[in-house]
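It should be emphasised that the depicted structure is a prediction, and the values quoted were computed from it without experimental measurement.
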Amino acid sequence: MTAETSQTLDRGLRVLKLLADTDHGLTVTELSNKLGVNRTVVYRLLATLEQHALVRRDLGGRARVGLGVLRLGRQVHPLVREAALPALRSLAEDIGATAHLTLVDGTEALAVAVVEPTWTDYHVAYRAGFRHPLDRGAAGRAILAARQQSLEEPGYTLTHGELEAGASGAAAPLLGVTGVEGSVGVVMLADAVPERVGPRVMDAAREVAEALR
């Protein structure tokens with residue numbers, strides 16, 4: 001801690017990070033031990049965070065992340081989109097296909113940024129805000145593959161006709177970005193994805209991940 005920082009705010013943020021890393025919540029005692037402070041301090045931190053809906057406590061007294069975090073999270077999408085656009089533009093122009101950044105939103109995949117190529121005669125119309133199940137389409141499947149292969153770097157995922165008849169997709173997951181789960185991909189009108197597209201999509205996913213770190 002330096003003279004310019006707030007110890008109380010630092011502790012509150014650490015509480016949120018600890019709660020975000022567990023699916024079962026934490027008790028006051030557990031938080032006290034992890035933070036290295038007494039229980040009274042933890043009670044005050046939780047009470048303040050509860051007032052802003054950033055933390056909630058269940059009937060058993062375990063603290064969990066509150067719904068207020070979702071409202072803050074929605075404001076992250078424009079920042080993520082802005083950071084990803086240069087890599088998406090380059091990908092779309094290079095491949096001649098619609099490029100997109102997709103993030104996890106609950107149980108769905110949500111397209112938060114889309115860039116269409118400028119030089120093609122036709123391409124797939126794909127709009128920001130489009131949602132689909134995580135287990136359908138290359139974008140969602142790439143994210144699921146990353147979850148299942150956490151100990152090694154997943155490659156790219158190819159699909160055909162899962163979201164739109166006659167369209168094929170390729171996507172690669174974002175890796176190493178804390179708090180962001182998503183993928184970068186392209187969708188094109190083709191029976192099969194050309195061989196060079198998969199590695200190019202992986203390069204774009206790495207570029208986006210670096211921009212978000």
Is D21 atom CG crowded by more than 12 heavy atoms from other residues, nucleotides or ligands, each under 6.0 Å away?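 Check passes, neighbour count above 12.
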
Write out all pairs satisfying ring pair (Phe, Tyr, Trp, His ring centres under 6.0 Å) with one or both partners inside [range], taking only residues at least two apart or from two chains.
range: residues 190-213; value: none
range: residues 180-207; value: none
range: residues 16-50; value: none

Transitive ILVMFWY side-chain link [X] to [Y], under 4.5 Å:
X: V208; Y: I95; value: yes
X: Y156; Y: L134; value: no
X: L88; Y: L110; value: yes
X: M202; Y: L101; value: yes
X: V114; Y: V104; value: no

Might you point out which heavy atoms bring [X] and [Y] nearest each other, and give the distance in Å?
X: A205; Y: P173; answer: CB-O, 3.7 Å
X: A170; Y: V193; answer: CB-CG1, 4.1 Å
X: W119; Y: A92; answer: NE1-O, 4.4 Å
X: S168; Y: H160; answer: OG-ND1, 2.7 Å
X: A83; Y: A211; answer: O-CB, 3.7 Å
X: A167; Y: V124; answer: CB-CG2, 4.4 Å

With sequence neighbours excluded, give me every side chain to side chain donor-acceptor pair (under 3.5 Å) pair touching residues 99-108.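 Listed by first then second residue: H100-T102, D105-R131, E108-R131.
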
Checking [X] now: which residues fulfil salt bridge (charged side-chain N to carboxylate O under 4.0 Å, His left out) with it, not counting sequence neighbours?
X: D203; result: R206
X: R11; result: none
X: E82; result: none
X: E50; result: R57

Would you list the pairs meeting salt bridge (charged side-chain N to carboxylate O under 4.0 Å, His left out) in which at least one residue belongs to residues 90-103, sequence neighbours left out?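 Output for this query lists D94-R196, D94-R200.
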
Taking salt bridge (charged side-chain N to carboxylate O under 4.0 Å, His left out) as the cut-off, I'd like each qualifying pair that reaches into residues 110-120, sequence neighbours left out, listed once.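 Sorted result for residues 110-120: E116-R127.
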
Whether [X] side chain and [Y] backbone form a donor-acceptor pair below 3.5 Å:
X: T120; Y: H123; answer: no
X: T48; Y: R44; answer: yes
X: R81; Y: V112; answer: yes
X: T157; Y: A138; answer: no

Chi angles and distances behind the side chain to side chain contact (heavy atoms under 4.5 Å, CB included) call for T98, V115: CA-CA 6 Å; T98 302; V115 176; over 6 Å; no

With a 4.5 Å limit on heavy-atom distance, are the side chains of [X] and [Y] in contact?
X: L31; Y: L46; answer: yes
X: L26; Y: V15; answer: no
X: D135; Y: L144; answer: yes
X: L174; Y: E181; answer: no

Does R64 form a side chain to side chain contact (heavy atoms under 4.5 Å, CB included) with L19? I'd like the steps, not just the answer. CA-CA 6 Å; R64 303 172 187 270; L19 296 180; 5.9 Å; no

If you measure from [atom1] on [X] to [atom2] on [Y], what distance do you get to the nearest 0.5 Å?
X: R56; Y: R62; atom1: CZ; atom2: CZ; value: 12.0 Å
X: N33; Y: N38; atom1: CG; atom2: CG; value: 11.5 Å
X: L79; Y: L212; atom1: CG; atom2: CG; value: 9.5 Å
X: L45; Y: L54; atom1: CG; atom2: CG; value: 12.0 Å

Any residue meeting ring-ring contact (aromatic ring centres under 6.0 Å, His included) with H132, in chain and number order, not counting sequence neighbours: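 ring-ring contact (aromatic ring centres under 6.0 Å, His included) list for H132, sorted by chain: F130.
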
With no hydrogens and no angle check, just 3.5 Å: does a side-chain donor-acceptor pair link T159 and R141?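 Distance-only check fails for T159 and R141.
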
Which donor-acceptor pairs under 3.5 Å do the side chains of residues 182-190 make with protein atoms, sequence neighbours left out?
| unit_1 | atom_1 | unit_2 | atom_2 | d |
| --- | --- | --- | --- | --- |
| S183 | OG | A139 | O | 3.0 |

Before giving the answer on side chain to side chain contact (heavy atoms under 4.5 Å, CB included), spell out for V55 and V65 the whole-Å C-alpha distance, their side-chain angles and the decisive distance to 0.1 Å. CA-CA 5 Å; V55 164; V65 174; over 6 Å; no

